[in-house]
A.B. asks: 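Structure incoming, see below.
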Amino acid sequence: MRIQLIQSSPVWENPSQSLAELETILSSSPEADLVVLPEMFATGFVTKPGAVSEVSGREGLDWMRDYAVRNGRAVAGSLSTTSPEGFRNRFYFVFPDGAVSYYDKRHLFTYSGEHKRYVPGTERVIVEYMGVRILLQVCYDLRFPAFARNRLVDGRPEYDLILYVASWPESRIAAWDALLKARAIENACYVAGVNRVGSDPKNLYPGHTTLINPLGEVLSICKQNAVDTLICEVSMEFLDAYRQGFPVLADAD
């Protein structure tokens, strides 16, 4: 499966302009099976949602569906949106036929007050696409390994790839780099971490968008501090061979 990771710079609280800039980036990009966008890719990391989140959720999801169907590929990314329970930091996975699955961010970032404005999710979500089982995770979830633990079910790992979409600031980027590798190694899976660049009223974001294999090896990484994209490959043949040769998950707690 070919994955395109998009290291974009959302326009602060401006979904229309953010989506227009994404269209420009994607219009000249090579073909891929799955496109992955950062956390709150249409607005930046807004912790005071309101009308902007209503627009973001509606326009952002409409755009994702249109892009997926129009191009025959899946697209994934998080939006600030609304639900009957309140505001959600919702990670959408849109299939090429327009069908939608989603995961609501479980670990809200209390340091920035996200927990005061958003309702947390309660369930893990794994989607399957092109024979690859994918765990959806958002930013701060990366710091909580128990929630992402890859368990054996009927002798088979639950998932093959974790997608982390993020607005991870420059001041803590060393943790991002280290924890992405740790999640890949301990769960015997691929990990794709898609972080934004640019700035918002509080932080600078350096990117470090990357794909890591179960050995902890960085297969590809975007340019730092620049809007960039990369195309990378997830090989189930390689993953299955690695797991058979080194069945570490069978010894997990």
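Bear in mind that the values here come from a model prediction, so they are computed numbers and not experimental data. The first residue in the sequence is number 1, and the count goes up from there.
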A.B. asks: When you group the ILVMFWY residues by side-chain heavy-atom contacts below 4.5 Å and let the links chain together, are Y190 and F246 in the same group?
C.D. replies: yes
A.B. asks: Give a yes-or-no answer on whether the side chains of R73 and Y67 include a donor-acceptor pair shorter than 3.5 Å.
C.D. replies: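 Yes, a side-chain donor-acceptor pair sits under 3.5 Å.
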A.B. asks: Supply the atom-to-atom distance I221 CD1 to T210 OG1, rounded to the nearest 0.5 angstrom.
C.D. replies: 4.5 Å
A.B. asks: I'd like to know if the side chain of S56 and the backbone of V52 have a donor-acceptor N/O pair within less than 3.5 Å.
C.D. replies: no
A.B. asks: Could you check, using the six-membered ring where one of them is a Trp, whether Y103 and F91 have ring centers closer than 6.0 angstrom?
C.D. replies: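 No - the distance between ring centres of Y103 and F91 does not fall below the 6.0 Å cut-off.
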A.B. asks: Working to the nearest 0.5 Å, report the span between CH2 of W63 and CZ of R70.
C.D. replies: 8.0 Å
A.B. asks: Would a distance-only check, ignoring hydrogens and angles, find a side-chain to backbone donor-acceptor pair under 3.5 Å from E13 to T43?
C.D. replies: no
A.B. asks: Verify, without hydrogens or angle tests, whether Y159 (side chain) and A148 (backbone) share a donor-acceptor contact under 3.5 angstrom.
C.D. replies: yes
A.B. asks: Could you see if F45 belongs to whatever hydrophobic cluster contains I173? Use Ile, Leu, Val, Met, Phe, Trp, Tyr and a side-chain cutoff under 4.5 Å.
C.D. replies: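 In one cluster with F45: I173, no.
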A.B. asks: Measuring from atom CD1 of I6 to atom CG of D228, what distance do you get when rounded to the nearest 0.5 angstrom?
C.D. replies: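 Between atom CD1 of I6 and atom CG of D228 there are 9.0 Å.
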A.B. asks: Using only atom types and a distance under 3.5 Å, with no angle test, would you say the side chain of T110 pairs donor to acceptor with the backbone of G113?
C.D. replies: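 The answer is no, because no donor-acceptor pair under 3.5 Å joins these two groups.
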A.B. asks: Between S80 and Y118, is there a side-chain donor-acceptor contact under 3.5 Å, judged purely by atom types and distance?
C.D. replies: yes
A.B. asks: Are E158 and R151 close enough for a salt bridge, meaning some N to O gap below 4.0 Å?
C.D. replies: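 Answer for the salt bridge query: yes.
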A.B. asks: Under 4.0 Å between a Lys/Arg side-chain N and an Asp/Glu carboxylate O for R2 and D33?
C.D. replies: no
A.B. asks: Look up atom CZ in R149 and atom CG in N187, then write down how far apart they are to the nearest 0.5 Å.
C.D. replies: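 One finds 5.5 Å between CZ of R149 and CG of N187.
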A.B. asks: Got a donor-acceptor contact below 3.5 angstrom from the S18 side chain to the A42 backbone?
C.D. replies: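 Present.
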A.B. asks: Parallel, tilted or perpendicular for W168 and W176, by the 30°/60° rule?
C.D. replies: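 If you compare the ring of W168 with that of W176, the planes turn out tilted.
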A.B. asks: Hey, could you give me the CZ/CZ distance between R156 and R243, rounded to the nearest 0.5 Å?
C.D. replies: 8.5 Å
A.B. asks: Please answer whether the main-chain N or O of L215 pairs with a side-chain N or O of N213 as donor and acceptor at a distance below 3.5 Å.
C.D. replies: yes
A.B. asks: Within the side chain of S83, is there an N or O that forms a donor-acceptor pair under 3.5 Å with the backbone of E85?
C.D. replies: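 Yes, S83 side chain to E85 backbone: donor-acceptor pair under 3.5 Å.
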A.B. asks: Are any non-hydrogen side-chain atoms of L230 and Q4 less than 4.5 angstrom apart?
C.D. replies: no
A.B. asks: Please step through salt bridge (charged side-chain N to carboxylate O under 4.0 Å, His left out) for the pair E170 and R196, ending with a clear verdict.
C.D. replies: CA-CA 10 Å; E170 185 176 54; R196 64 160 295 178; over 6 Å; no
A.B. asks: Evaluate the side-chain proximity of V75 to L37: yes if any heavy-atom separation is below 4.5 Å, no if none is.
C.D. replies: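 They are in contact (side-chain heavy atoms under 4.5 Å apart), so the answer is yes.
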A.B. asks: Show the nearest heavy-atom pair for residues A184 and I212, with the distance to one decimal.
C.D. replies: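 Nearest heavy atoms, A184 then I212: CB-CG2, 3.8 Å.
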A.B. asks: Does the pair D104/R90 count as a salt bridge with the N-to-O cut at 4.0 Å?
C.D. replies: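 Counted as a salt bridge, because a side-chain N and a carboxylate O are separated by less than 4.0 Å.
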A.B. asks: Can you confirm if the aromatic rings of F95 and F93 lie within a centre distance of less than 6.0 Å?
C.D. replies: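 Under 6.0 Å, so yes.
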A.B. asks: Can you confirm whether I162 sits close enough to I134 that some side-chain heavy atom of one is under 4.5 Å from a side-chain heavy atom of the other?
C.D. replies: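 No, too far: nothing below the 4.5 Å cut-off.
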A.B. asks: Check this for me, if you would: do D141 and R124 make a salt bridge, where the nitrogen-to-carboxylate-oxygen distance has to be below 4.0 angstrom?
C.D. replies: no
A.B. asks: Examine distances only and state if a side-chain atom of D160 and a backbone atom of R133 form a donor-acceptor pair shorter than 3.5 Å.
C.D. replies: yes
A.B. asks: Would you indicate whether the side-chain heavy atoms of L61 and V100 approach each other to under 4.5 Å?
C.D. replies: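 Yes, side chains in contact.
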A.B. asks: Looking at side-chain heavy atoms only, is the closest gap between V197 and P206 below 4.5 Å?
C.D. replies: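 Heavy-atom side-chain distance check fails, nothing below 4.5 Å.
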A.B. asks: Search all heavy atoms of T24 against all heavy atoms of S27 and return the closest pair with its distance.
C.D. replies: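 Closest approach of T24 to S27: O-OG, 2.7 Å.
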A.B. asks: Taking all heavy atoms of L5 and all of I3, pick out the closest pair and write down the distance.
C.D. replies: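 Minimum heavy-atom contact is CD2-CG2, 3.4 Å.
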A.B. asks: Report the C-alpha distance between S78 and K105 in whole Å, list the side-chain angles of each, state the deciding distance to 0.1 Å, and finish with yes or no for side-chain contact (heavy atoms from CB on, under 4.5 Å).
C.D. replies: CA-CA 9 Å; S78 137; K105 186 178 181 182; over 6 Å; no
A.B. asks: Applying the 4.5 Å side-chain criterion to the ILVMFWY set and letting contacts propagate, would Y102 and V55 be lumped into a single cluster?
C.D. replies: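 Cluster IDs for Y102 and V55 differ.
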A.B. asks: Can you check whether N195's main-chain N or O pairs, donor with acceptor, with T209's side chain at less than 3.5 Å?
C.D. replies: yes
A.B. asks: Could you go through N71 and E31, starting from their C-alpha distance and side-chain angles, then the distance that decides it, and tell me whether this counts as side-chain contact (heavy atoms from CB on, under 4.5 Å)?
C.D. replies: CA-CA 9 Å; N71 292 279; E31 290 189 5; over 6 Å; no
A.B. asks: Any side-chain heavy atom of P214 sitting closer than 4.5 Å to one from F238?
C.D. replies: yes
A.B. asks: How close do V165 and P38 get, heavy atom to heavy atom, and via which atoms?
C.D. replies: CB-C, 3.8 Å
A.B. asks: Work out which heavy atom in G57 is nearest to a heavy atom in T81; give both atom names and the distance.
C.D. replies: CA-OG1, 3.2 Å
A.B. asks: Nearest 0.5 Å, what's the CG-OG distance between L211 and S220?
C.D. replies: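 It is 7.5 Å, given to the nearest 0.5 Å.
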A.B. asks: Is the shortest heavy-atom distance from the side chain of M40 to the side chain of N89 under 4.5 Å?
C.D. replies: yes
A.B. asks: Linking I/L/V/M/F/W/Y whenever any side-chain heavy atoms sit under 4.5 Å apart, do L180 and V234 land together?
C.D. replies: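 No: no chain of side-chain contacts under 4.5 Å links L180 to V234.
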A.B. asks: Treating Ile, Leu, Val, Met, Phe, Trp and Tyr as nodes and any side-chain heavy-atom pair under 4.5 angstrom as an edge, say whether V191 and I126 lie in one connected cluster.
C.D. replies: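 Yes.
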A.B. asks: In terms of side-chain heavy atoms, does S112 have a donor or acceptor partner in E114 at a distance below 3.5 Å?
C.D. replies: no
A.B. asks: Kindly give the heavy-atom pair with the smallest separation between E21 and S9, and that separation in Å.
C.D. replies: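 Looking at all heavy atoms of both residues, the closest pair is OE1-O, 4.1 Å.
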A.B. asks: May I ask you to test the F147-Q137 pair for a side-chain heavy-atom distance under 4.5 Å?
C.D. replies: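 They are in contact (side-chain heavy atoms under 4.5 Å apart), so the answer is yes.
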A.B. asks: Ignoring hydrogens and angles, tell me if any N or O in the side chain of R183 forms a donor-acceptor pair with the backbone of C189 under 3.5 Å.
C.D. replies: no
A.B. asks: When you check the side-chain N and O atoms of T229 and Q7, is any donor under 3.5 Å from an acceptor?
C.D. replies: no
A.B. asks: The test is side-chain contact (heavy atoms from CB on, under 4.5 Å); show your working for E186 and N150 and say whether it passes.
C.D. replies: CA-CA 8 Å; E186 70 197 10; N150 200 359; over 6 Å; no
